[in-house]
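Before any comments, here is the structure.
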Amino acid sequence: MDFSAVSSALKAIGELTQEVTSLWGVDEQVEGLASELRWMQSFLKVADARKVDHEVIRTSVVEIRELAYDAEDVIEMFALKVASKRKGGFSNCIKRSACFLKEGCLLHQIKSEIEKITARIKELARQLQMYDVSKFEVDGEGPSSSTVRLEARRPYPHVMDDNIVGLDNDVKKLVTVLLNEQSECRVVSICGMGGLGKTTLAKKIYHHSQVVGHFKHLVWIYVSQHCQKRKVWEDILSELLILSEEDRKVNVEKLAKKLSSFFEENKCLVILDDVWNIEAWDSLKPAFSARETKSKILLTSRNKEIVADADKNGFLYELQELDYNQSWKLFQKIAFPQSNSPGYKIDAKMKELGEDMVKHCAGLPLAIIILGGILATKYPSLTEWLKVSANVKSYLNNNKGEVLRDVLALSYDDLPPYLRPCFLYLSHFPEDYEIPVDRLIQLWVAEGIVSSKQEEGDEGQIAEDVAEGYLLELAERCMIQVRERDIATLKIRSFQMHDLMRDVCLSNAKQQKFLYIADQSNACQLSTIGRVRRVSAHKFFWIQCIKSPRLRSLLFFDEFLPREEMVKFFPLTIQSYIKNQYELHIPLISFLALFVWTVLATKLRGIWKYMFNNFNFLRVLDYERGGAAGCKLPNYIGKLIHLRFLRLRGLDFKSSKLPSSLGNLRCLQSLDLRIESECSNSIHVPNVLWRMQQLRHLYLPEECNRKTKLKLGTLRNLQTLVNFNTKNCHVNDLINMTNIRELEIRGPFNIEDFNTKELDKNPPIIQSKYLYSLSIINEEGRIDPSHLAHLLLSCENISKLRLDVEIRRLPEYHYLCSNLAYMKLRRCKLGEDPMPTLAKLPYLSMLELHEEAFIGKEMFCCGQAFAKLESLSLKELNFLEEWKVSEGAMPCLRRLEIQKCRQLKKLPDGLRFIATIQELKIESMPKTFKDKVEEGGEDFCKVRHVPSIILQDCFW
């Protein structure tokens, strides 16, 4: 169950009550509200711990969340509008006395709101107390939906499925591992999302002739979500035919000892099917503690974490989705019952429909089997097949697709309370959308999904680290599919959801009224729904349709106002006339153009005005695709005092000035000001950001105008700062940002009053021990090498460094952090070969030298250089003629890319000694260079061992 809303409300109350004086006037009401919320939180925890699955509880969870949101909103309003003004000295008291009547009215309004919310909570609590949670049927004690799903999924090892495709290679690999007695591996794990065929693969191994011949005893045990170790151990003893009546009476320690001794003396294979979590394995492993044994364990799980916990030498096998050819082969087996008959030919139209429908299954075997089964019952009716084809997903989710839905729903059922809102939040994003992790984590934190209790945990982790752990847990549970990892830290950078897992997410989000996904087809329904907290707009719609004043988040994935919507305002005759006559500069054309712009500007202003006047409780406002947004960002934005996340990136305004009312948004945690302006390339940012002391992530415009001068020294919580420079900001402010993790400098970087003779006499620039990524970009000027060296000396722990600026000379090795794992040099115009310096970096795994990073003619990688380098990219090094690599250099290199280095004569001889290279990519190089690399060319012998050689666009 989702506790995050209640936890977030209690957090807001807790922060407010830290200053006792600020509660004057509402102290009794706030304490009463907190007491009721704590009761609700306890009730939900008890219900969740007992796995209660009852309509009363499901309905109540939605109502409790709404009440918690209302409570948080009113408490925050008090904090921002009343309590914050009670701070300060005598002068502040005089200011307050002038507005005494206004504050009194506001205090009365807030007190009344709190009393109403408390009364609603008490009424709900009274209703819930009529139901005894302990008497509700729970998992393991009655037929709850989760228990029924589990029982329906119970596999029987003797029952083999004939419809198996694409597992032969998987079986071969796993059998080899299991039969290898020289290996120290004792635990082999098959992991993957529900419906991938983990159990089917385990059955094939269980019946494999080599496995049966190798092991003296084979045991199959179904563990499931509700692992009871005594029952599992007794089942194993029973399968081994050594369970006695006495065993049923002895304590569990003796059972574990008996099993451990048996496995030590006999060569056994125990298959533990459907192990859900580490706790289940930890409870079972005492029975498998024998050290000197040839017995092995094969387990299937949706959770990859179990393997590392089970055996430090364990083997993890991640089962993949079927490719399209395998999917089609499996589909044919089921959907066309007569396909194996001699001379049988599939109807061409049905084949076309089938090939299209199978794509919706995204390689998930269970989905293909279910779809094929549905179509097999309708064979050979083309009309029925056309009906299914028209809406494949609804058929996969109807009664016949219940098995698939239940299998995937089990993954959601097993999520701990803190992960459920994180998972449901993914329903905001469109189908097949690659979700950027940084942005998602900022949204989670802004919405309060990562609560203060977790933020102040035993390890003292900040919210972003906790959220990152949650995301990793979702990945370990195979509920998301990782698409990109950070090259230095290997943390997840982006991911996607399997279409069918996303359907489970959407279904639960809809059931729990977690959000509303809007577009033009259903936006009108929003006007009839009174309480909507979150709206995700996948396609443009007029936000005037939203009538909910308590809206908390708005995410837009389309342009602010798409062009196709703009043209709807004007008759086709006017559009055609302007298009055909515009170049003539006739006064009428100018008038019509002005008229068109005025109408558009009015429409755009109307969107902003409606938003700022009606959604005063917004916490998240996110624009994905930008677009024309009017004359300027209205001053009214200052009304959204509850905002935590504001992303304006890509929005295009006529004016280049941002309003000073941004300073009112003191709760902001993430702010993206990378807007565009038709009138100017530079943006004016008012000096108000220093007020936003809760700011964690700040993205300034790529270029600020010369009038912009920002004080940022108060932003001590800042973790991300992008587009900082010393023209518009103060370099001394950086030292106050002790939590900064990612810093991007764009434009000039100069240190005032810098002592060039004695660098160590200059004060440090950065004092954050968390900074891991530093980028310096200056397309027009250069950076003083001594200033750069001093800056790098302050960055003690960075693992990523990007220099896109003219420096002429690379800083000496002792200025570079030894932790560097990724380094990119671009337009540095280094005259000396950088390789001798870079080669000393012990952890450098990826190096990119691009676009005149080096302007010398010769480059040399000597022996023992680049011990950890895995990827090297050389692009547009226009003066490079010769590159030498000696034997022993780059022993771990896996990928090499050479592009547009047109003076380079040949590949280095030393590549023949690097056995680890998996890919060589040659692009936009002279044809003579390509001919040397191709088979039969003089350089081919240097790279003949490389599995993948890509030659692209080498024509001249």
Side-chain angles (χ1 to χ4, degrees), residues 621 623 626-635 637-638 643 645-666 668-693 695-715 717-737 740 742-752 765-766 773-784 787-788 791 802-806 827:
L621 180 57
Y623 286 97
C631 294
K632 64 178 181 177
L633 183 65
N635 211 43
I637 195 169
L643 266 182
F645 182 102
L646 177 60
R647 185 170 182 255
L648 303 173
R649 184 175 188 177
L651 290 180
D652 194 345
F653 297 97
K654 284 285 184 184
S655 171
S656 61
K657 291 184 179 181
L658 288 168
S660 58
S661 62
L662 283 170
N664 295 342
L665 310 181
R666 301 191 183 192
L668 268 179
Q669 297 172 356
S670 299
L671 175 61
D672 193 334
L673 296 176
R674 289 175 289 186
I675 65 168
E676 297 174 4
S677 172
E678 290 184 22
C679 300
S680 173
N681 292 326
S682 59
I683 307 298
H684 176 64
V685 182
N687 185 26
V688 294
L689 303 185
W690 61 269
R691 297 179 187 173
M692 306 174 186
Q693 295 183 24
L695 209 58
R696 294 168 176 257
H697 310 278
L698 174 60
Y699 304 86
L700 295 169
E702 286 198 5
E703 186 176 348
C704 295
N705 67 17
R706 55 186 177 81
K707 293 182 180 179
T708 298
K709 200 68 178 178
L710 303 173
K711 294 180 181 178
L712 305 176
T714 56
L715 307 183
N717 293 312
L718 211 60
Q719 296 172 34
T720 306
L721 177 56
V722 172
N723 295 332
F724 175 90
N725 64 63
T726 54
K727 181 181 74 173
N728 305 113
C729 308
H730 301 276
V731 71
N732 293 336
D733 288 342
L734 291 174
I735 202 167
N736 294 326
M737 302 174 190
I740 196 81
E742 185 175 350
L743 174 62
E744 181 180 297
I745 298 168
R746 184 180 291 272
F749 183 83
N750 297 301
I751 305 172
E752 296 177 1
I765 298 172
I766 294 169
S773 176
L774 173 66
S775 299
I776 303 176
I777 305 163
N778 190 341
E779 297 181 0
E780 297 174 0
R782 56 176 296 186
I783 186 170
D784 188 309
H787 291 194
L788 174 62
L791 173 61
R802 177 186 173 196
L803 298 177
D804 189 351
V805 58
E806 185 179 334
R827 295 183 303 187

Show, in sequence, the C-alpha distance, side-chain angles and deciding distance for Ile675 and Leu633, and conclude whether the side-chain contact (heavy atoms from CB on, under 4.5 Å) test is met. CA-CA 10 Å; Ile675 65 168; Leu633 183 65; over 6 Å; no

Approximate separation, where rounding is to 0.5 Å, of [X] [atom1] and [Y] [atom2]:
| X | Y | atom1 | atom2 | answer |
| --- | --- | --- | --- | --- |
| Leu658 | Phe653 | CG | CZ | 7.5 Å |
| Leu743 | Leu791 | CG | CG | 7.5 Å |
| Ser670 | Leu698 | OG | CG | 9.5 Å |
| Glu702 | Arg674 | CD | CZ | 7.5 Å |
| His730 | Asn736 | NE2 | CG | 12.0 Å |
| Arg746 | Leu700 | CZ | CG | 11.5 Å |

Nearest non-hydrogen partners of [X] and [Y], listed with the distance:
| X | Y | value |
| --- | --- | --- |
| Leu710 | Asn687 | CA-OD1, 3.6 Å |
| Pro659 | Pro686 | O-CG, 3.5 Å |
| Arg649 | Asp672 | CB-OD2, 3.7 Å |
| Thr726 | Phe749 | OG1-CA, 3.4 Å |
| Lys654 | Ser677 | O-OG, 3.2 Å |
| Asn750 | His787 | CA-ND1, 3.7 Å |

Given the rule in the side-chain contact (heavy atoms from CB on, under 4.5 Å) test, do Leu662 and Met692 qualify, once you have shown the distances and angles that lead to the verdict? CA-CA 9 Å; Leu662 283 170; Met692 306 174 186; 4.1 Å; yes

What I'd like to find out is whether the side chain of [X] reaches to under 4.5 Å of the side chain of [Y], using heavy atoms alone.
| X | Y | answer |
| --- | --- | --- |
| Arg827 | Glu806 | no |
| Leu646 | Leu665 | yes |
| Lys657 | Asn705 | no |
| Leu671 | Leu673 | yes |
| Ile777 | Glu744 | yes |
| Thr720 | Arg696 | no |
| Leu715 | Leu721 | no |
| Leu643 | Leu621 | yes |

[X] atom [atom1]: more than 12 heavy-atom contacts under 6.0 Å:
| X | atom1 | answer |
| --- | --- | --- |
| Asp784 | CG | yes |
| Lys709 | NZ | yes |
| Lys727 | NZ | yes |

Steps toward side-chain contact (heavy atoms from CB on, under 4.5 Å) verdict (Gln693, Arg666): CA-CA 7 Å; Gln693 295 183 24; Arg666 301 191 183 192; over 6 Å; no

Side chains of Thr708 and Asn728: donor-acceptor distance under 3.5 Å anywhere?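 Looking only at side-chain atoms, Asn728 and Thr708 do not form any donor-acceptor pair under 3.5 Å.
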
